[in-house]
Amino acid sequence: MTDNAKLIVDGKERSFGIVQGTKGERAIDLAGLREGGGLLTLDEGLGNTASCLSRITYINGEKGVLLYRGYPIEELAGKSSFVETAYLLIHGELPTRSELSVFSNRLNDSSLIHEDMRHFFVAFPKYAHPMGILATMVASLSTFYPVPDHLDPEAEEQFMANLISQVRTIAAFSYKKSIGEPTVYPSIKLRYVENFLNMMFSSPVKDYRQDPDIVRAVELFLILHADHEQNCSTSTVRLVGSSMANIYSVISAGISALWGPRHGGANQEVIQMLEHILATGTDPKTFIDRAKSRNARERLMGFGHRVYKSFDPRARILKQAYHQLLKKLKTADPLFEIAMQIEELALKDAYFIERNLYPNVDFYSGLILKAVGIPADMFTVLFAIGRVPGWLAHWREMVHAKEFRIARPRQIYIGPSERHYEPINSRGLKKCP
Ligand code: CMC
C-alpha cells in the first residue's frame, strides 16, 4: 500500500488503501468496505476488478504490451521455445541449461496416459468436439492419478508435468479418434512440438516428415498462447482451485471456460466465418455491416478485446509469421485475402474505431494452424495446450500465496421479496372481490 483513497460512505469518511503494481497500475483495496457499512462493490463482468495480486504476466492494453515474468512477448516469440516459456511462467525465471533439461526430460517421461484411458476414446461419438473430449479426459485423469490433499514440491512438479504433457497426448488421440485412425504413442526421441505433430499426423502406414517451418509455427502459436493474466479461463482456474479441488479438475474447468466463442473458441469461429464468406461470396463490407448490428451472434470474430484497446501484440506477431510461413511453404490461401480485406475495412470503420476494436490473437491464429494442416475443430484444443502452463502458474501462485482464501463473490439480490408458499390447488386462482 502506498497511498489512501477517502470515500464518503453514508455521510461518513472512510479510508481505503491504494495498491500499486510494478508498472504503476493502481487499485483501491475495498475488501473491508462491507464491514461497518454493509456496502458491496458491484462490477458486472468484472471489467474494473483486480481479483488478485500476481507476478506472472503484465498487459498494457492501451499500448499493446505483453510481458511474461517481465520478458516482452516479442523476445520470447523470437528466441524461446514453448517448453522454456512454460518453465519461465511456472518458476518465474528462465531455466539454466540443466534446469531445462530436467524439466524437458520430466515432460517426456510423463507423456503417456494410463493405457485403460485409451478405451474411453472408443466410447465418444465420432462427431464429438475434441474440446469436449479434452475437458472430460483431463477431469478423468484424477481417477487414474489421484492427487493427495497436500502436495510436496516434488509431487507438485510431477502433477504439473503430467498435465503439460498428457494434455498434448489426449489432444492428438482425440484427433485420431475423429478420423478413425489408431492412436500413435508419444516418443521419447522427439521434442514437445515434434512429438505432438507426430502423434497427430503419422500412422502405421505413413511416416510424418517433420518440417522445421511447421514445427516453428506451432511452437510460436503455443508460446503466444501460454498466458494472458486474468482472462475468463484463468480466472476460472483460480476460482475452482480456490476450493482446493484437485489440479486435474481445476484444469478441466479452465478448458471448459476456454471453449466458449467469446474466448478461445473464437479461433475456430474466425475460420468458419472466413469460409462462410468465401463459400457464399458475401461482400466483406456487407459482413462487417452485419457485425455492427446488436445481434450478439453476428459479431466480427477475432476482433475486440476486454483489455487491448490498441493492436493485440500477439496478432501482430502471428500475422507476420503467417506471411513468412506461406512464402516458405510456397502456398496461398484465399481465406487470407478475405481476412486482410476485413481487417482493412474494419480498421477504417467508425464503429470499430470508436469502440477500439482491433484484431485479437484469434484473428490470425486459425489461419496459421490451417496452413500447418491442423483441422479447425482442433484450433481451440491447441490454444488449451498452449495455455496449460499459464493456468498452472496461476494455480501455483495462488495456492502458495499467504492470503489464499476460497473465492466467493457476493451479489445484489433483485428477486422477489419474502413471500409464502401456496398449495398447488390454490395457485393462479383469482381472489374473489
Ligand atoms: N464485433 C462487433 N462488435 C463488437 C465486437 C466484435 N467482435 N466486440 C465488441 N463489440 C462491440 C459490442 O457490441 C459493444 O458495443 P456497444 O458499446 O454498442 O454495446 C462494444 O463493442 C463493447 O463490447 P463488449 O462486449 O462490452 O466488450 P467486452 O470487453 O465485454 O468483450 C470480447 C470482449 C472479446 C468478448 C468481444 O470483443 C468479442 O465478443 N469479440 C469477438 C469474439 C472474439 O474474438 N473473442 C476472442 C478474444 S481474444 C482471445 C481470448 O481471450 O480468448
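When a residue number appears, it is its place in the shown sequence, counting from 1. Keep in mind that the numbers below use all heavy atoms, side chains included, and drop hydrogens, waters and symmetry copies. Read the numbers this way: they start at 1 and go in the same order the structure lists the ligands and their atoms.
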Which ligand 1 atoms are under 4.0 Å away from a heavy-atom of [X]?
X	value
G302	43 (C), 44 (O)
F383	52 (O)
G264	52 (O)

Inset, instruction - Measure N231 to ligand 1 on non-hydrogen atoms and call it side chain, backbone, both or neither using the 4.0 Å cut-off. - result: neither

Inset, instruction - Record the part of C232 in heavy-atom contact with ligand 1 below 4.0 Å; permitted values are side chain, backbone, both and neither. - result: neither

Inset, instruction - Can you establish whether the number of heavy atoms outside R191 located under 6.0 Å from its atom CZ is more than 12? - result: no

Closest non-hydrogen atom pair, [X] against [Y]:
X	Y	result
I113	M117	CD1-CB, 4.0 Å
Y351	K292	CB-CD, 3.3 Å
S242	F404	CA-CE1, 3.7 Å
S174	M378	OG-SD, 4.4 Å

Inset, instruction - Indicate whether any N or O donor in one side chain lies under 3.5 Å from an N or O acceptor in the other, for E62 and S310. - result: no

Inset, instruction - Carefully, step by step, assess D312 and R314 under the rule salt bridge (charged side-chain N to carboxylate O under 4.0 Å, His left out). - result: CA-CA 5 Å; D312 178 339; R314 302 166 300 172; 2.8 Å; yes

At what distance is the nearest protein heavy atom to [atom], and which residue and atom is it?
atom	value
atom 34 (C) of ligand 1	G304 O, 3.6 Å
atom 42 (C) of ligand 1	M301 CE, 3.5 Å
atom 46 (C) of ligand 1	D362 OD2, 3.2 Å
atom 9 (C) of ligand 1	L357 CD2, 3.5 Å
atom 19 (O) of ligand 1	R294 NH2, 3.0 Å
atom 47 (C) of ligand 1	N360 ND2, 3.6 Å
atom 31 (O) of ligand 1	R299 NH1, 4.4 Å
atom 2 (C) of ligand 1	A291 O, 3.3 Å

Legend entry - Short N or O distance, A266 and ligand 1, threshold 3.5 Å exclusive: no

Legend entry - E343 with K319: basic N within carboxylate O range, under 4.0 Å: yes

Closest candidate by heavy atom, reference [atom], pool [options]:
atom	options	answer
atom 52 (O) of ligand 1	E269, R355, H263	H263
atom 28 (P) of ligand 1	R290, R306, R262, M273	R306
atom 3 (N) of ligand 1	Y351, Y308, F303	Y351
atom 6 (C) of ligand 1	L300, T234, L46	L300

Legend entry - Residue among Y87, Y192, F196 satisfying ring-ring contact (aromatic ring centres under 6.0 Å, His included) with F82: Y192

Inset, instruction - Could you establish whether S233 and ligand 1 come within less than 4.0 Å of each other, counting only heavy atoms on the residue side? - result: no

Inset, instruction - Would you check whether G45 reaches within less than 4.0 Å of ligand 1, judged by its heavy atoms? - result: no

Legend entry - Check: F336 ring centre within less than 6.0 Å of Y322 ring centre: yes

Legend entry - Aromatic ring proximity, centroids under 6.0 angstrom, H228 and H305: yes

Inset, instruction - Just say parallel, tilted or perpendicular for the rings of H225 and F221, cut-offs at 30° and 60°. - result: parallel

